[in-house]
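Computed from heavy atoms alone, side chains included, the values below leave out hydrogens, waters and symmetry copies. Proteins come first, then strands; the chains are lettered A, B, ... in the order of their sequence lines, and each starts at number 1.
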2 protein chains.
Amino acid sequence: MSPATPTPRSRRERPAKPALTGPGIVATAVGLMRSEGLERVTMRRLAQELDTGPASLYVYFRNTAELHAAVLDELLGEVDLGVTAAAAGPLGWRDRLARILSSYIEVLYEHPSLARSALVTRPRGERYLDLVEALLTVLAEGGMEGERAGWAVDLLLQYATATAAEHGTRRQADDTQEEWDALTETLRGARQDRHPRIAAAADQLVSGSPEARRTWALDVLLNGILTAPAPDGARG
Amino acid sequence: MSPATPTPRSRRERPAKPALTGPGIVATAVGLMRSEGLERVTMRRLAQELDTGPASLYVYFRNTAELHAAVLDELLGEVDLGVTAAAAGPLGWRDRLARILSSYIEVLYEHPSLARSALVTRPRGERYLDLVEALLTVLAEGGMEGERAGWAVDLLLQYATATAAEHGTRRQADDTQEEWDALTETLRGARQDRHPRIAAAADQLVSGSPEARRTWALDVLLNGILTAPAPDGARG
DNA sequence: ACCTGAACACCGTTCAAGT
DNA sequence: ACCTGAACACCGTTCAAGT
């Protein structure tokens with residue numbers, strides 16, 4: 001099986017070590033994230049995967065945050081924007097907007113730490129622009145344009161991103177459950193004298209499935225965007 | 001200057017090394033955060049500050065996330081809840097709610113990384129409960145109780161926390177500015193063929209001061225909470 | 001129960017040197 | 001311009017051993 005002439009280990013394991021390219025690196029990073037989670041998509045671990053040293057990656061990304069931003073943009077390619085056009089079907093604009101945002105949330109749900117990084121480093125890749133464009137398109141159909149629409153996009157995406165960061169799975173389902181139980185217990189155990197309203201409303205504070213809450217939150221946001229006074233950015 | 005009998009270095013520098021206690025550790029951690037930022041509030045750095053080894057801290061906190069949660073709760077003591085009671089002044093409930101949330105945002109603005117950690121590990125300390133209790137009190141005055149109020153608290157705090165995580169200062173003002181410029185440039189440079197709406201609305205997407213946006217967002221949320229159908233947690 | 005030193009298994013980033 | 005080895009300055013967490 002092994003060749004007569006010994007080959008360096010690294011060459012044998014990765015027969016055709018590909019030249020480094022930006023897209024190639026990102027593709028490898030995405031694969032690594034899928035198999036081991038974003039936590040493992042570190043400069044060092046990724047370099048190892050690419051059969052090189054960590055310093056090499058700094059030619060393509062200024063830092064780890066930029067690397068993660070590139071991974072995020074790649075992942076955003078999975079968001080379903082198929083319902084953007086009014087011609088796409090019988091759904092009204094509100095439902096189509098909800099579909100797009102739900103798809104976005106679901107994509108990020110698998111990678112909450114990516115959602116967290118999106119909250120810090122604002123994305124601005126091509127796929128992200130596609131998403132923003134889609135949201136603006138649907139909002140325009142709902143009669144929203146200009147400042148109101150621009151700010152609405154921001155608020156809607158912030159909500160969706162934060163929700164994925166908060167509730168996303170893959171954060172060791174055990175931990176999440178444990179934490180939730182602890183919170184529930186804390187609320188239920190609130191003392192009548194100091195936190196009477198919490199004590200009374202403990203169940204309502206933790207009620208509802210994530211889906212029910214999400215549906216409600218999107219209703220809140222859209223109703224609010226439609227009824228709040230139009231923003232005036234020039235004033236700020 | 002130096003005593004005749006040599007004293008171990010550590011004892012000389014911290015004359016009365018205090019015994020470790022939960023509150024004492026948190027107080028030291030808060031001080032460390034104020035002087036060097038949350039990034040430096042690591043188990044190792046904190047242990048060094050306390051003149052001990054990192055392993056000792058695991059008696060008090062199961063992990064770094066718990067430590068940061070304790071720091072956050074301490075910091076929440078600074079949130080101004082003085083306007084909670086209707087008797088506090090002439091302000092209507094909406095304005096009082098906005099005051100409380102703005103105070104919360106401002107407290108977290110100085111420590112965006114703490115806000116980020118709050119988004120992941122749900123807080124449940126005493127000060128956090130005080131904040132929730134205050135919000136429930138003001139919402140009740142606006143006629144909101146039960147499920148609607150409970151879910152509203154969640155959504156309002158999520159918005160506030162995410163906003164602080166996103167826009168908080170202290171994240172190297174330079175970096176933030178640079179990132180913002182890059183985003184603006186990206187939006188302005190959107191290609192007419194692929195992202196026409198972004199190209200048209202670029203200025204509206206980035207317009208407005210943080211304060212103007214915050215005011216608008218709170219309007220949106222409150223209007224939405226008041227007009228969206230009451231949630232039904234039992235259904236979810 | 002509380003505290004510790006030492007170890008294990010990692011990190012990001014920079015820099016001088018190579019091609 | 002791109003790539004690299006090596007180094008610097010850190011991390012979180014566990015464990016066996018002490019008090």
Residue whose closest nucleotide on DNA chain C lies nearer the 5' end, B:T21 versus B:P54: B:T21
Cationic tip of B:R214 above B:Y109 ring, under 6.0 Å, 45° of axis: yes
A:R194 atom CZ, neighbour heavy-atom count above 12 within 6.0 Å: yes
Out of D:dC11, C:dC11, D:dT4, whichever nucleotide has its closest atom nearest the side chain of A:R45: C:dC11
Whether over 12 other heavy atoms sit under 6.0 Å from B:R99 CZ: no
Phosphate OP1/OP2 of C:dC3 contacted by B:Y60 side-chain N/O (<4.0 Å): yes
Nearest-Å distance for atom pair CG/P, residues B:L50 and C:dC2: 16 Å
Sugar-phosphate, base or nothing in reach of A:S56, heavy atoms under 4.0 Å: base
Atom-pair distance (CZ on A:R44; C1' on D:dA9), nearest Å: 11 Å
Given D:dG12, C:dT13, D:dC3, the nucleotide with the shortest approach to the side chain of A:L20: D:dC3
Distance, rounded to the nearest Å, where A:R40 contributes CZ and C:dG12 contributes C1': 15 Å
Steps toward side chain to side chain contact (heavy atoms under 4.5 Å, CB included) verdict (B:D203, B:R188): CA-CA 7 Å; B:D203 288 336; B:R188 293 224 171 98; 2.7 Å; yes
Spacing of A:Q48 atom CD relative to C:dA9 atom C1', expressed in whole Å: 12 Å
Whole-Å distance separating the CE atom of A:M43 from the P atom of D:dC8: 21 Å
Watson-Crick or G-U wobble mate for C:dC11, both contacts under 3.5 Å: none
Out of C:dT13, D:dC11, C:dC3, whichever nucleotide has its closest atom nearest the side chain of A:Y58: C:dT13
Residue-phosphate contact under 4.0 Å: B:T52 side-chain N/O, C:dC3 OP1/OP2: no
C:dC8 to D:dA9 separation - P atoms, rounded to the nearest Å: 23 Å
Interatomic distance, B:N63 CG vs D:dC11 P [rounded to whole Å]: 17 Å
Sugar-phosphate, base or nothing in reach of B:F61, heavy atoms under 4.0 Å: nothing
Of the listed nucleotides C:dG5, C:dC2, D:dG12, the one nearest the side chain of B:A55: C:dG5
Nearest-angstrom distance from the residue atom CG of A:D51 to P of D:dC2: 20 Å
Donor on one side chain, acceptor on other, A:Q158 and A:D154, under 3.5 Å: no
Paired nucleotide for C:dA17 [Watson-Crick or G-U wobble; both distances under 3.5 Å]: none
side-chain N/O A:T42 vs C:dC11 OP1/OP2, d < 4.0 Å: yes
Atom-to-atom span, CG of A:L67 to C1' of C:dC11 - whole angstrom: 14 Å
B:Y60 side chain to B:T21 side chain, donor-acceptor N/O pair below 3.5 angstrom: no
